[in-house]
Amino acid sequence: MNSSRSAVVVGGGILGLCSAYYLAREGFTITLVERSAEGADSCAQGSAGYVSPSHVQPISSPGMVWQGLKWMTSSRSPFYIKPRLDLDLLRWGWLFARSCTPEHTRRAAPVLAQHCLESRRLFVELAEKTGNTFEFRTEGLFNLCKTQETLDKYSKGLAALANSVGVEARTLSAKETATLEPGARMDIAGSIYFPIDAHLSPRKFMPAMVALLQQQGVKFRWGTGVTGWKTAGGRVTHAVTTAGELAADGFVLASGSWAPETVRGLKLSLPMQPGKGYSLTIEKPRFKFAKSAILTERRVAMTPMGDTLRFGGTMEVSGHDDRVRPERIGQIKAAASDYFPDIAEADFAGGKPWFGYRPVSPDGLPYLGRFGRHPNLIAACGHAMLGITLAPISGLVAAELLAGKKPSVDLSLTNPDRFA
Ligand SMILES: Cc1cc2nc3c(=O)[nH]c(=O)nc-3n(C[C@H](O)[C@H](O)[C@H](O)COP(=O)(O)OP(=O)(O)OC[C@H]3O[C@@H](n4cnc5c(N)ncnc54)[C@H](O)[C@@H]3O)c2cc1C
């Protein structure tokens with residue numbers, strides 16, 4: 001324990017909370033700065049809650065450029081980039097396209113597998129520590145495939161890739177899938193089953209973490225935004241906030257999709273786009289599932305969360321635009337009925353659509369590590385579809401780096417300066 005060191009964590013989303021937890025465990029005196037009020041929404045809250053080592057394929061994968069161009073013509077598609085003249089978006093799009101190669105997948109998959117598996121282990125520890133108040137469940141996840149063509153493609157593609165990096169994937173027939181998940185009738189050709197995957201209830205995880213941090217003595221500055229920085233001798237010395245300056249030995253950048261604007265002025269290059277996603281929660285579902293499932297062709301996620309059932313998905317790259325698009329909500333409901341014919345539009349009655357902004361880096365990998373220009377500023381952002389899954393390991397790594405320890409996982413692909 002070294003209680004003389006101090007750190008400021010910027011952002012009270014899941015990455016900020018997990019970073020603060022592991023830093024406090026290292027003996028740092030922590031101030032967490034969050035511009036929203038305590039208990040306000042963040043991207044984790046309405047997410048699918050997957051802790052998913054199955055996601056070893058980064059979002060920027062071979063074929064995505066062509067697929068993305070086709071999808072761009074329809075605002076109803078699962079992945080939509082709203083065309084607009086914006087230099088940051090153009091650069092992000094170019095870097096994204098450049099990453100959609102087999103070589104990128106080959107290099108990224110083992111690294112993602114290592115981070116995801118280590119993070120899942122940390123979730124088990126957190127569940128034990130909190131008495132599992134956040135409903136962590138380890139029943140696995142299905143990629144449900146409507147057609148035999150998709151099943152064959154995923155069996156040869158994602159399942160083979162996952163198995164090659166130590167994440168077990170089994171190809172199942174429709175009958176075998178129904179035996180493992182008898183919750184509701186399914187109209188599918190089969191599935192890929194990932195027994196190691198898990199899920200949790202994010203709306204319970206976030207307050208559980210805040211309570212843990214309070215026990216650790218973490219100081220919270222809710223309703224306080226970081227507006228700038230002070231530096232000296234190549235180090236960050238202060239975060240300038242709407243409520244004064246905060247000096248510290250180390251700083252963690254965990255402000256999600258707003259991270260590029262948070263570090264404006266520090267001359268860093270952090271290409272990122274907000275990837276808006278939606279979810280709908282059925283509070284009293286007629287059907288009870290044990291396992292979570294991705295409705296593969298529609299890119300919709302289904303999660304049984306406690307007594308509720310959540311469907312979510314879509315990736316809309318249209319900036320921080322708070323408009324709710326009804327056609328996107330309609331697509332999620334339609335997907336649910338398509339795969340589970342007994343689930344009808346009426347099952348969603350009364351449910352309020354939620355949306356959040358995933359922080360999406362162009363190569364689908366997080367920004368995790370020191371900035372070369374300011375080595376006491378650690379990036380823990382850009383986790384895109386994997387922010388829940390990777391929050392504990394990223395938080396642990398942020399703490400290890402500020403404590404001067406060897407990081408627990410391979411950071412060779414997550415350098416925050418990689419696009420500088
Ligand atoms: C529909 C949907 C489903 C998803 N499902 C999954 C899933 O199943 N599994 C998974 O792993 N991931 C999932 N994700 C992704 C995951 O939710 C995100 O990657 C993760 O929540 C991002 O967390 P964050 O802490 O980085 O960002 P955020 O939650 O956005 O938190 C950043 C915080 O920083 C604050 N902030 C910003 N700027 C400042 C500033 N200048 N000063 C102070 N505070 C500031 C913001 O107010 C915000 O609270 C999903 C996302 C969506 C949208």
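Every number for a ligand or one of its atoms is a count from 1 in the order of the listing. Quick note: residue numbers are just sequence positions, from 1. Everything numeric here is computed off the predicted structure, so don't read it as measured data.
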Taking the cut-offs as 6.0 angstrom to the six-membered ring centre and 45 degrees off its axis, would you call Lys146 and Tyr339 a cation-pi pair?
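Yes - Lys146 lies over the ring of Tyr339, closer than 6.0 Å to its centre and within 45° of its axis.
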Residue among Asn415, Thr414, Asp410 satisfying side chain to side chain donor-acceptor pair (under 3.5 Å) with Ser412:
Asp410
Heavy-atom nearest neighbour of [atom] within options [options]:
atom                    : options                       : result
atom 9 (N) of ligand 1  : Phe355, Tyr50, Tyr367, Trp354 : Tyr50
atom 21 (O) of ligand 1 : Ala44, Gly225, Gly387         : Ala44
atom 22 (C) of ligand 1 : Pro359, Ser257, Gly256        : Pro359
atom 3 (C) of ligand 1  : Ser42, Pro274, Ala48          : Ala48

Applying a heavy-atom cut-off of 4.0 Å, say which part of [X] lies close to ligand 1: side chain, backbone, both or neither.
X      : result
His199 : neither
Thr389 : both
Ala301 : neither
Thr224 : backbone

Looking at [atom], what's its closest protein heavy atom, distance included?
atom                    : value
atom 23 (O) of ligand 1 : Ile14 CG2, 3.7 Å
atom 40 (C) of ligand 1 : Val226 N, 3.7 Å
atom 4 (C) of ligand 1  : Ser47 CB, 3.3 Å
atom 31 (O) of ligand 1 : Gly13 CA, 3.5 Å
atom 52 (C) of ligand 1 : Arg358 NE, 3.6 Å
atom 29 (O) of ligand 1 : Cys43 N, 3.0 Å
atom 30 (O) of ligand 1 : Trp258 CZ3, 3.5 Å
atom 12 (N) of ligand 1 : Met385 O, 2.9 Å

[X] versus ligand 1: do any nitrogen or oxygen atoms come within less than 3.5 Å of each other?
X      : value
Val10  : no
Glu34  : yes
Gly16  : no
Gly46  : no
Gly313 : no
Ala384 : yes
Gly356 : no

Show me which atoms of ligand 1 lie under 4.0 Å from any heavy atom of Tyr278.
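Within the 4.0 Å cut-off of Tyr278, ligand 1 contributes 1 (C).
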Check each atom of ligand 1 against the heavy atoms of Leu15 and keep those under 4.0 Å away; list them by number with element.
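Near Leu15, the atoms of ligand 1 are 23 (O), 25 (O), 26 (O).
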Under a heavy-atom criterion of less than 4.0 Å, does Ser52 contact ligand 1?
no
Does Gly49 come within less than 4.0 angstrom of ligand 1, counting non-hydrogen atoms of the residue?
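Contact check Gly49 vs ligand 1: positive.
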Assess the side chains of Thr281 and Arg203: does a donor N or O sit below 3.5 Å from an acceptor N or O?
no
For the residue pair Ser394 / His383, report whether a side-chain donor-acceptor contact shorter than 3.5 Å exists.
yes
Determine whether a donor-acceptor pair (N or O, by modelled atom type, separation under 3.5 Å) exists between the side chain of Glu297 and the backbone of Thr147.
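Yes.
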Does Gly275 offer a backbone N or O that forms a donor-acceptor pair with the side chain of Arg358 under 3.5 Å?
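Judged by distance alone, yes, a pair lies under 3.5 Å.
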Taking the side chain as every heavy atom from C-beta outward, state whether Met206 and Ile14 have any pair of such atoms under 4.5 Å apart.
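Result yes, sub-4.5 Å side-chain heavy-atom pair found.
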Which residue pairs satisfy the salt bridge (charged side-chain N to carboxylate O under 4.0 Å, His left out) criterion with at least one member in residues 270-279, sequence neighbours excluded?
Lys276-Glu316
Would you call the rings of Trp229 and Phe251 parallel, tilted or perpendicular, taking 30° and 60° as the class edges?
perpendicular
Does the separation of the ring centres of Phe340 and Phe289 fall below 6.0 angstrom?
yes
